[in-house]
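Below: one structure, written as structure tokens.
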Amino acid sequence: MFDIKEIIDLMISPKDKDINLISRAFSFAQKEHEGQTRDSGKPYFSHVFDVSKQLASLKMDASVISAGLLHDILEDSNIDETTLRKKFGREVTFLVKGVTKLDKYHYQGLERHAESLRKLLLAVSKDIRVLIIKITDRLHNMKTLEYVDKDKRKRIALETLEIYAPLANRLGMSEIRGELEDLAFPYVYPKKYIETKKLMKQRIVVTKKYIKKINRQLQKALVKEKMEDFTTLYRIKHLYSLYKKLPKKNMDINKIYDIYALRVIVPTVADCYRVLGIIHSQWKPLLDHIKDYIALPKPNGYQSLHTTIFTGDGGIVEIQIRTKEMHEEAQYGIATHFAYKEKKFFGGLSFKKGQKLKKKLDWMGQLIEWQKSISESGEFLESLKMDFFKDRVFIFTPKGDVIDLPEDSTSVDFAYAIHSDIGNHIYGTQINEKFSSLDTVLHSGDRVEILTRVKSKPSKKWLTHVKTALARRHINSMLAKN
Ligand code: MN
């Protein structure tokens, strides 16, 4: 019934020793879960089999795939750690143990679980692959959530929405993030889910026809300009993502331009800019909607060119342009870096990738360092909620460096993010070369210059608008001194 070939076929040129390891994990897990069933009535093994297939499709290595097969074995059978280590070695055992440890509480909202979260972050900071397995595990549990009893269902869905989806997002695994959110949505907000779905359904019929027409025009334009190697495709917006965006557009779905987004995939970065040029010579872009995430990637590593165009007949469409590599990374994020790890023949690539990966995980290291240095878990939770799980905006310094801040941050947050001395002596701010008040909310792409004066000091009023825990902490400690 279960065929190991389905896993192996998803791997990039696996070695004999990889196949051997996976085969042993496969047989062992099948034997140990024998007779156990899922809530759906299916054999328990179907769960770990699916998880390991998902890991293989993310191009994870043999240890991770084996750990996927074995991930529930410490909990659900009589096998102990020593036996596991003897049979499968240190690495696989470490991964299985990491996944097992994270599971021991009933989720009841972020507030109740600051301590568990702290542990989770500590565990995954040692090896990010633990988190990738955990997210994959959660994805399959969400796909089979309908069979679970009602109370438990809501709890798991809420945890998925508040913890796992943001974590997937932080790892750049946006495809899986979208899937997790859409699977959780109907259980957490049933009414809103139905409303949003209805809204989407009405809109989608019109839009789909239209996007196909624009797609044909776009292909024609590219061919006419002698672009030879390109693929265009369109994707539909995830439902939960639409639900979150609606309030920002006064609940008017007609103002959301990326229900369908057109994508152009080309071989090189130079091609990306060429395609952008061709598009802009054909259609007029909306002024504030051109985004160059190639030159300035998002902190989670996302790269693409975005533009939104007037199509001439009253329509507005978003187009995303990227290379194939960027496309893969946009969907699977950090997992793609492990995928290329083994490919030494690319020369140099593995080192560069390693460096890039390290940089991307900086935020996690910072968070861990920081949680060690603060004692009260209340403050830790506050910082988690604001700094970690919120959507981010990207703000430029006058020199063009990017500072990444939680949504709705102000110049005061920005100043403290640069240096506490700058924050402590703010005198004024210029946003995009215009003098602005300190409580002005910053938007992605804003260029901010902080004006300082030695005599200036933090004001109590700032506490009403700052969003980062860092700024709040410095302001409080300065106020206490005076
Ligand atoms: Mn599991």
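Indexing begins at 1, ligand by ligand and atom by atom, following the structure's order. Quick note: residue numbers are just sequence positions, from 1.
Checked by atom type, the side-chain pair Asn20/Arg24 shows a donor-acceptor distance below 3.5 Å. Between the side chains of Arg263 and Thr232, not a single donor N or O lies within less than 3.5 Å of an accepting N or O.
By the 30° and 60° cut-offs, the orientation of the rings of Tyr416 relative to His474 is parallel.
Between the side chain of Asp3 and the main chain of Glu6, no donor-acceptor pair closer than 3.5 Å is present.
Taking the Mn ion (ligand 1) as reference, Asp137 places its N/O/S atom OD1 nearest. Looking only at its N/O/S atoms, Asp72 has OD2 as the one nearest to the Mn ion (ligand 1).
When rounded to 10 degrees, the angle formed at the Mn ion (ligand 1) by NE2 (His71) and NE2 (His47) equals 90°.
The Mn ion (ligand 1) has no N, O or S atom of His140 under 2.8 Å away, backbone or side chain.
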